[in-house]
Amino acid sequence: MTALQEYQMVLALGPAGTGKTYLAVAAAVEALEANKVERIVLSRPAVEAGESIGFLPGDANDKVAPYMQPLYDALLDRLGGKRLRALMSNGGIEIAPVAFMRGRTLSRSFVVIDEAQNCTYAQLKMLLTRLGWNATMVITGDPDQTDLLPGVSGLADIANKLEPLDNIAVVRLAQTDIVRHPLVGDMLTVL
């Protein structure tokens, strides 16, 4: 939380259940409600987790909705359904897959890139360079839990290269930081 308040670029790395996504979304909502930013932009890679879900009917939003559900869950918890729908309809909150981020400049925004362990090095470099004026970006992910082929995820390399920079925070969470059911931490010690 301290890093989210003090830095405009934060990488939060750690195992499932440490609250990376929830804390990033909560900080984004706080920044929006305090008028520190004009909008929240939430993004995730649309990567299937080990099985193919096949053809999804509907428009682009319908197709990416299953991948974005954890972000919707955190937003719903922080804002409630009515406020969330209003902010999404007026552009105060935008949810977009990583593939739709190229070429953009995200100024006066709080940007959360979630599940970044499923991004390649090139995708992460592209995302990092979207940061505009008066913006904050948080990249979350677990380098040990990628759904990509071995060696394809760029999150660990990006974090290692950015960590020495004074104006970027790389927060490394551990199993002791897990806030889900205690069995999650126990299982991760043996899986």
Side-chain angles (χ1 to χ4, degrees), residues 1 3-4 8-34 36-51 53 56 58-102 104 106 108-120 123-124 126-128 130-132 135-143 145-148 153-155 158 171 173 177-180 184:
M1 288 304 294
L4 290 170
Q8 290 181 290
M9 176 70 67
V10 176
L11 282 78
L13 304 137
T18 53
K20 301 177 301 291
T21 299
Y22 188 86
L23 291 175
V25 170
V29 168
E30 288 176 15
L32 182 67
E33 290 183 335
K36 293 179 181 176
V37 296
E38 293 177 1
R39 65 184 169 156
I40 297 171
V41 178
L42 305 171
S43 186
R44 296 179 113 210
V47 175
E48 295 170 344
E51 68 254 4
I53 59 174
L56 294 172
D59 64 14
N61 288 334
D62 295 329
K63 292 178 189 307
V64 299
Y67 299 102
M68 305 299 172
Q69 193 59 50
L71 298 171
Y72 290 122
D73 292 345
L75 286 167
L76 191 60
D77 186 62
R78 297 299 296 186
L79 293 167
K82 185 177 181 180
R83 178 96 169 107
L84 175 57
R85 283 187 297 278
L87 285 167
M88 290 188 73
S89 69
N90 73 14
I93 295 176
E94 176 188 348
I95 298 182
V98 166
F100 294 1
M101 299 294 278
R102 185 167 301 283
R104 300 183 66 189
L106 302 170
R108 298 170 308 282
S109 302
F110 197 110
V111 183
V112 178
I113 309 298
D114 192 41
E115 293 290 313
Q117 76 273 7
N118 289 327
C119 291
T120 65
Q123 285 174 317
L124 285 167
M126 177 271 296
L127 290 165
L128 290 167
R130 302 305 92 204
L131 188 67
T136 297
M137 183 178 286
V138 180
I139 309 257
T140 69
D142 179 358
Q145 201 176 63
T146 183
D147 295 309
L148 301 176
S153 173
L155 182 58
I158 290 281
V171 179
L173 302 164
D177 298 308
I178 292 173
V179 293
R180 286 191 184 149
V184 173

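Looking only at side-chain heavy atoms (C-beta outward), D77 and Y22 come within less than 4.5 Å of each other. Side-chain contact between L155 and L13 is present, with heavy atoms from C-beta onward closer than 4.5 Å. Side-chain contact between M88 and I95 is present, with heavy atoms from C-beta onward closer than 4.5 Å. Side chains of Q117 and L148 form no contact here, defined as non-hydrogen atoms less than 4.5 Å apart. Contact of the R44 side chain with the N118 side chain is not registered, since no non-hydrogen atoms from C-beta on lie closer than 4.5 Å. Residues M9 and L131 are in side-chain contact: their nearest non-hydrogen atoms beyond the backbone lie under 4.5 Å apart. L87 has its side chain out of reach of L75: every pair of non-hydrogen atoms, C-beta onward, lies at least 4.5 Å apart.
For the atom pair OG1 (T146) and CD (E115), the distance works out to 9.0 Å, reported to the nearest 0.5 Å. Annotation: the span from L128 atom CG to I113 atom CD1 amounts to 8.0 Å, rounded to 0.5 Å. Interatomic distance, D114 CG to T21 OG1, rounded to the nearest 0.5 Å: 3.0 Å. To the nearest 0.5 angstrom, C119 atom SG is 10.0 Å from I158 atom CD1. To the nearest 0.5 angstrom, I40 atom CD1 is 11.0 Å from T136 atom OG1.
Heavy atoms only, all atoms of each residue included: V10 and A3 are closest at CG2-O, 3.5 Å. Residues A16 and Q145 come closest through the heavy atom pair CB-OE1, 4.0 Å. Minimum heavy-atom separation, V179 to G19: CG2-N, 4.3 Å. Nearest heavy atoms, Q123 versus V98: NE2-CG1, 4.2 Å. Heavy atoms only, all atoms of each residue included: P97 and S43 are closest at C-OG, 3.4 Å. The two residues S109 and L106 make their nearest non-hydrogen contact at OG-C, 4.0 Å.
Counting only distance, with no hydrogens or angles, the side chain of K20 and the backbone of P15 share a donor-acceptor pair below 3.5 Å.
Within a 6.0 Å sphere centred on CZ of R83, other residues, nucleotides and ligands contribute 12 heavy atoms or fewer.
E94 has a carboxylate O that lies under 4.0 Å from a charged side-chain N of R104, or vice versa, which qualifies the two as a salt bridge. The pair K36-E30 does not count as a salt bridge, with every side-chain nitrogen at least 4.0 angstrom from each carboxylate oxygen.
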key: Stepwise side chain to side chain contact (heavy atoms under 4.5 Å, CB included) test for V138 and F110   = CA-CA 8 Å; V138 180; F110 197 110; 3.7 Å; yes
